[in-house]
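Report on the structure given below.
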Amino acid sequence: MPKYKPKGCKCGRSNAVNVIAANGSCDGAPPVPEPCFDVCTTPVCGTPQYLTLLAPVVYDEIGINLCRQLTLAADFSTTYPNAESATAEVISVAFSTAPGEAPAIAPINGRPNCYSVTLRNLTVNFAVKIYDCARRLLAVLPVSAVYLPASGTPDYAYFDEDTNPSSVELELYAPYGVSYSAADAATPVINCVGFLAGSAAPAQGLNMIVIPKVLSFDPATGEASMGLTVYLKSIYYAQYLIPHNGRAVVPKGSLIPQEDSVCMEFVSGGLLDREIKPLELGPPHNEETLKNECETSGTCCCPTYQKAVTPDPGTGGSTGGTGENTGGGTTTKPPEEHDVDIEIDDQSLSAPSDSPDSLLNTLARLGSL
């Protein structure tokens, strides 16, 4: 059962497709209240039972750990004499474009669904937060450091065969291929998912996510040992049908109204939320048929059904209070049959008689109508 029921939703239907299917033929029965339903003019309200999602799916991934020393700032102890601890987050990662220093991505011979990825010369941009002994934030320092340094570069001084080699080679299963920087498919690329505007989302193909950790920090010198976990993933967008367990209700912060006005009443009231339900395009509902335009005539449009009108016995026929026209054996004409309406002829019923048998016959004829 859904955890959330939309407010003011009065659809009263659990499956709109079944309603449409039930109106495919007119057999004389009363039509349903909504013989045709077009979501293009009347959106379906409520919550769905299933959702069709287009989600970035990880097809393969592999991770490595790296570590190196770095200096947070010059004259650190003078600038931040009260520094006690530090944390870091990776904002972005830049790849070198110089020959022999750029990452290499190539399909493996004889294994077309797998790629060999060589990582090297990664420039990692950090946001390092400095705290005092009471965990009060003193500063946020932008720091850059090169991991997997190429031979002959200034950062090769931090080379270590075990913790920070010059390159690493990884194999990744990528059945749908990789992304490229241009339409000629000459240069494969790796998308770095970081916290920089414009590069904070996954993309089709190869993606990199980097998570840092300050392993040691010396407040006297500003030196830190910065560890990195580098994840390399092959990600592709895929469509999935998932059960819907109810919409999330967003908590609202309220303001205490200082005056009685429609604006203050709105601000202190509930949050606005659109109640239009997504179409369930897959079984069992198949609501894509709701985009068909409704027609005003045809086999799906039944005539308006009207109930039979039963006349008041006190008004039909002659009055029985005078005892006149007491023909108990007077012949009667059955009511005419109509397609929709049933009318009662005034002359079809004989006047009531003082005879008990005549009264019983008259009541029996009225009951058969």
Side-chain angles (χ1 to χ4, degrees), residues 50-68 89-126 145-151 159-213 226-243 281-283:
Y50 295 91
L51 284 177
T52 300
L53 294 184
L54 186 64
V57 179
V58 177
Y59 276 68
D60 192 16
E61 60 183 339
I62 189 172
I64 59 171
N65 284 338
L66 303 172
C67 183
R68 61 157 284 180
E89 92 180 273
V90 171
I91 302 301
S92 63
V93 177
F95 303 99
S96 175
T97 57
E101 298 181 11
I105 305 170
I108 301 175
N109 290 333
R111 306 171 65 198
N113 293 323
C114 290
Y115 286 77
S116 174
V117 182
T118 302
L119 298 179
R120 52 198 172 198
N121 216 48
L122 305 179
T123 301
V124 183
N125 301 309
F126 298 93
V146 176
Y147 286 75
L148 303 176
S151 177
F159 167 83
D160 186 282
E161 185 65 30
D162 299 322
T163 61
N164 191 32
S166 59
S167 64
V168 292
E169 185 176 354
L170 308 172
E171 290 185 4
L172 213 61
Y173 173 64
Y176 292 109
V178 298
S179 300
Y180 299 92
S181 60
D184 57 5
T187 308
V189 296
I190 300 175
N191 175 62
C192 181
V193 184
F195 292 92
L196 194 64
S199 64
Q204 295 251 83
L206 301 182
N207 290 259
M208 176 184 291
I209 298 177
V210 180
I211 302 175
K213 182 179 181 180
M226 190 72 70
L228 288 183
T229 293
V230 180
Y231 290 104
L232 192 63
K233 306 170 182 283
S234 60
I235 296 178
Y236 306 101
Y237 281 87
Q239 183 168 286
Y240 286 87
L241 188 67
I242 65 172
L281 303 180

Who passes side-chain hydrogen bond (donor to acceptor under 3.5 Å, both in side chains) against S92, sequence neighbours left out?
N125

Does N207 reach the main-chain N or O of Y231 with its side chain, forming a donor-acceptor pair under 3.5 Å?
no

Please report the shortest heavy-atom distance between V57 and A238, naming the atom on each side.
CG2-CB, 3.8 Å

Name all pairs fulfilling the salt bridge (charged side-chain N to carboxylate O under 4.0 Å, His left out) condition that reach into residues 91-116, sequence neighbours left out, sorted by first residue then second.
R111-E171

Could you tell me if E169 and S116 have a donor-acceptor pair between their side chains, going purely by distance under 3.5 Å?
yes

Nearest heavy-atom contact between S166 and F159 is N-CE1, 3.4 Å

All side-chain contact (heavy atoms from CB on, under 4.5 Å) counterparts of T163, not counting sequence neighbours:
C67, D160

Can you establish whether the number of heavy atoms outside Y180 located under 6.0 Å from its atom OH is more than 12?
yes

Exam field: side chain S234 to backbone Y173, donor-acceptor pair closer than 3.5 Å:
yes

Between the side chain of R120 and the main-chain N/O of V168, is any donor-acceptor distance below 3.5 Å?
no

With sequence neighbours left out, what residues match D60 under side-chain hydrogen bond (donor to acceptor under 3.5 Å, both in side chains)?
none

Quick check for you: to the nearest 0.5 Å, what is the distance between E61 atom CD and I209 atom CD1?
8.5 Å

Smallest separation among heavy atoms of A203 and N191, with atom names:
N-ND2, 3.6 Å

Could you list the residues that satisfy side-chain contact (heavy atoms from CB on, under 4.5 Å) with S199, not counting sequence neighbours?
L196

Residues two or more places apart in sequence or in another chain: which of them pass side-chain hydrogen bond (donor to acceptor under 3.5 Å, both in side chains) with E161?
none

If only atom types and distance count, is the side chain of N164 paired as donor or acceptor with the main-chain N or O of L148 below 3.5 Å?
yes

Which residues pass the side-chain contact (heavy atoms from CB on, under 4.5 Å) test with Y237, not counting sequence neighbours?
L54, P56, P202, Q204

Using side-chain hydrogen bond (donor to acceptor under 3.5 Å, both in side chains) as the criterion, list what pairs up with T229, not counting sequence neighbours.
N65

For the student: nearest non-hydrogen atoms of A150 and N121, plus distance
N-OD1, 3.5 Å

If you measure from CG on L122 to CD1 on I190, what distance do you get to the nearest 0.5 Å?
8.0 Å

Measure across K233 and L172 and return the closest heavy-atom pair with its distance rounded to 0.1 Å.
C-CD2, 3.7 Å

Residues which pass side-chain contact (heavy atoms from CB on, under 4.5 Å) with L170, listed by chain and number, not counting sequence neighbours
I62, I64, L119, L232

Smallest heavy-atom separation, S167 atom then T118 atom, equals CB-CG2, 4.2 Å

Residues pairing under ring-ring contact (aromatic ring centres under 6.0 Å, His included) where one sits in residues 92-122, two or more places apart or in two chains, turn out to be none

Does a side-chain heavy-atom distance below 4.5 Å link L228 with V90?
yes

Show me the pairs that pass salt bridge (charged side-chain N to carboxylate O under 4.0 Å, His left out) and involve residues 175-194, at least two apart or across chains.
none

